[in-house]
There are 2 protein chains.
Amino acid sequence: MKTLKIPKETIIRISKYSRYLTEVDLTKISSTDIASGVSVSSAQVRKDLAYFGNFGSRGIGYDVKDLRRHLIKILGLGDIWNVSLVGLGNLGLALSKYQGFLERGFIITSMFDIDPSKIGMVVNEIEVFPTPQMEEVIRKKNTQIGVICVPVSVAQEIADVMVRAGVKAILNFAPVSLKVLSEVLLRNVDLVVNLELLAFNLRESELIDSFMCR
Amino acid sequence: MKTLKIPKETIIRISKYSRYLTEVDLTKISSTDIASGVSVSSAQVRKDLAYFGNFGSRGIGYDVKDLRRHLIKILGLGDIWNVSLVGLGNLGLALSKYQGFLERGFIITSMFDIDPSKIGMVVNEIEVFPTPQMEEVIRKKNTQIGVICVPVSVAQEIADVMVRAGVKAILNFAPVSLKVLSEVLLRNVDLVVNLELLAFNLRESELIDSFMCR
DNA sequence: TAGATTGTTAATCGATTAACAATC
DNA sequence: TAGATTGTTAATCGATTAACAATC
């Protein structure tokens, strides 16, 4: 059962559909309308939804409220996840205050930093602990997800401790390729690489422009 | 000429190779070594590099210094880009202070917010201006890239102004699908969706575990 | 020469798109 | 019934992997 492998792109889009549906004020909606709302093709929308069931009616479309409920179920948005945040530099601090996580059920239950000036600081009623206490606290709080916002030089070390403490998934913001046990899920967000990609494409289109101009 | 389309995944990996090469302390390196350093296959490394030229020597590998130089050239890392940052909430403020952008040639040359308590604030010698002055200032500073860190409700509006002001590429952190002229490059970073993807996979593997346990 | 490693081609894999029968 | 739209299959597209001749 459940042999079908679902592409991660599909999950990312399902998340977008779900968010889009909370914005629209309609009772029925077609795959074409959802598609234009989130900038994908309508076939894509139907294909993505079909992985999880038949939520629509031919000739009619989808019931917004109903579909919304299904998507929330699929994404597990009712669930609560305990998250540990390590590294309270600029980015870490911003994430610690970010409401978007909370809204989707991701609760930061512990925070750590090595810098004495940060230790003891309280954000959203959570106190920042010194890094050496990580393993103990993460384990005690039953933390499923770890978020790494430390510099590259210590990121692997922090990841190792997280894994030892029983974390099941890591979201890594340090621009380095971490090595973790294959059971531990790992996702990387590289802020700079996004700008680099834009810059590359900009230079590319500048080149094309200059070719066309001659 | 230059008809070959280069996958954006290749550019992202080239950026990783480039960063990895600045970390290692070797004169020669093989595709296998680069591959294990950034967690991809060695065939992938060779394929990616082959899009841009023959940088290696059969039987030997790549000259680190030489390859490093080539990759920097490919990514256009010598270039300087003028960036405008709009929205100085938690995330925007963190990005404004982020050294990683500067290191790779992305210079924030203007910042905007609608909140009077933020206007006039100075970060990295750059003053925060009121949003109504966006179009004028962005144009005057010859800004190529805009970064959107405002709430969903105003993100499209801000994007429209950026485009009017002549911005060529937008990096969008608001979780909404922006509509822009097709000439304008757009990239989205959704912080929450990354956690949702991890959560989905966690639930999936929990399901598998519970099947295996019976 | 023997061993190592590239550059490249062909095979594989996976995801998107097009098209249309089913059906509301 | 006629028009609209889903769910699904087959075709297409694109990216990754495997394999190996070229060659240092």
Side-chain angles (χ1 to χ4, degrees), chain A residues 2-17 21 24 26-68 70-71 74 177 193 197 200-201 204, chain B residues 3-17 20-21 24 26-68 70-71 74 177 193 197 200-201 204:
Chain A
K2 198 61 166 309
T3 35
L4 205 57
K5 213 192 128 273
I6 294 150
K8 70 173 197 305
E9 286 85 358
T10 290
I11 304 304
I12 292 171
R13 283 188 302 262
I14 293 263
S15 165
K16 288 184 182 169
Y17 306 156
L21 289 180
V24 302
L26 299 163
T27 53
K28 295 280 174 193
I29 197 166
S30 70
S31 57
T32 311
D33 291 340
I34 298 175
S36 72
V38 303
S39 309
V40 302
S41 74
S42 70
Q44 185 90 79
V45 173
R46 295 196 298 280
K47 192 97 215 279
D48 286 337
L49 297 178
Y51 280 111
F52 299 97
N54 300 359
F55 305 134
S57 313
R58 289 163 199 245
I60 307 287
Y62 303 86
D63 182 277
V64 173
K65 218 170 127 192
D66 192 53
L67 184 55
R68 214 184 270 160
H70 278 298
L71 299 190
I74 292 166
S177 164
V193 93
L197 192 58
F200 180 82
N201 291 137
E204 231 180 10
Chain B
T3 37
L4 205 58
K5 215 193 128 273
I6 294 151
K8 68 173 197 307
E9 286 86 357
T10 290
I11 305 304
I12 293 171
R13 282 188 301 263
I14 293 264
S15 165
K16 288 185 184 169
Y17 306 155
Y20 181 65
L21 288 181
V24 303
L26 299 164
T27 54
K28 296 279 173 191
I29 197 166
S30 69
S31 57
T32 310
D33 291 340
I34 298 176
S36 73
V38 302
S39 308
V40 301
S41 74
S42 70
Q44 185 90 80
V45 173
R46 295 195 299 278
K47 192 94 212 280
D48 287 337
L49 297 178
Y51 279 111
F52 299 97
N54 301 358
F55 305 133
S57 313
R58 290 164 198 243
I60 308 288
Y62 302 87
D63 181 279
V64 173
K65 217 170 131 192
D66 191 53
L67 184 55
R68 212 185 271 160
H70 279 299
L71 300 189
I74 291 166
S177 163
V193 93
L197 192 58
F200 179 83
N201 290 138
E204 230 180 10

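Computed from a predicted model, the values in this text were never measured in an experiment. Below, chain A is the first sequence line, B the second, and so on; all start at residue 1.
Rounding to whole angstrom units, CG of residue D33(B) and C1' of dA4(C) are separated by 12 Å. The nearest whole Å value for the distance from the CZ atom in F55(A) to the P atom in dT8(D) is 11 Å. The distance between atom CZ of R46(B) and atom P of dT23(D), rounded to the nearest whole Å, is 16 Å. Between the OH atom of Y17(B) and the P atom of dT6(C) there is a distance of 12 Å, rounded to whole Å. Between the P atom of dT16(C) and the NZ atom of K8(A) lies a distance of 10 Å, rounded to the nearest Å. E9(A) places its CD atom 11 Å from the P atom of dT16(D), with the value rounded to the nearest Å. What separates CD1 of I6(B) from P of dT16(D) is a distance of 13 Å, to the nearest Å. The separation between D48(B) atom CG and dT16(D) atom C1' is 10 Å, rounded to whole Å.
Across all strands shown, dC24(C) forms a Watson-Crick or G-U wobble pair, both distances under 3.5 Å, with dG3(D). With a cut-off of 3.5 Å on both Watson-Crick or G-U wobble distances, the partner of dT17(D) is given as dA10(C).
Side-chain atoms of A43(A) lie closest to dT17(C) of the nucleotides dT5(D), dT17(C), dT17(D). For A50(A), the side-chain atoms get nearest to dT8(D) when compared with the rest of dT8(D), dT6(C), dA18(D). Comparing dC24(D), dT17(D), dT8(D) by their nearest atom to the side chain of S57(B) picks out dC24(D). Of the candidate nucleotides dA15(D), dT6(C), dT8(D), dA15(D) has the atom lying nearest to any side-chain atom of K5(B). When each of dT5(C), dG7(D), dC24(C) is scored by its nearest atom to the side-chain atoms of I60(A), the top-ranked nucleotide is dC24(C). With dT5(D), dT16(D), dA15(C) as the choices, the nucleotide that has an atom nearest any side-chain atom of P7(A) turns out to be dA15(C). For Q44(B), taking side-chain heavy atoms from C-beta onward, the closest of the listed nucleotides dG7(D), dT17(D), dT6(C) is dT17(D).
Between dG7(D) and Y62(A), a contact under 4.0 Å exists linking OP1 or OP2 to a side-chain N or O. Contact annotation: R58(B) does not reach the phosphate of dA22(D) (side-chain N/O to OP1 or OP2, under 4.0 Å).
The aromatic rings of F200(A) and F52(B) stand perpendicular to each other, their planes meeting at an angle above 60°, with 30° marking the opposite boundary.
S31(A) comes within 4.0 angstrom of sugar-phosphate atoms only, judged by non-hydrogen atoms across all strands, and of no base.
Across all non-hydrogen atoms, the minimal contact from Y20(B) to I29(B) is CE2-CD1, 4.2 Å. Closest non-hydrogen pair, I60(A) versus K28(A), comes out as CG2-CD, 3.9 Å.
Y62(B) is listed as a side-chain neighbour of R46(B), based on a closest heavy-atom distance under 4.5 Å. Within the 4.5 Å cutoff, the side chain of I6(B) has no heavy atoms near those of the D48(B) side chain.
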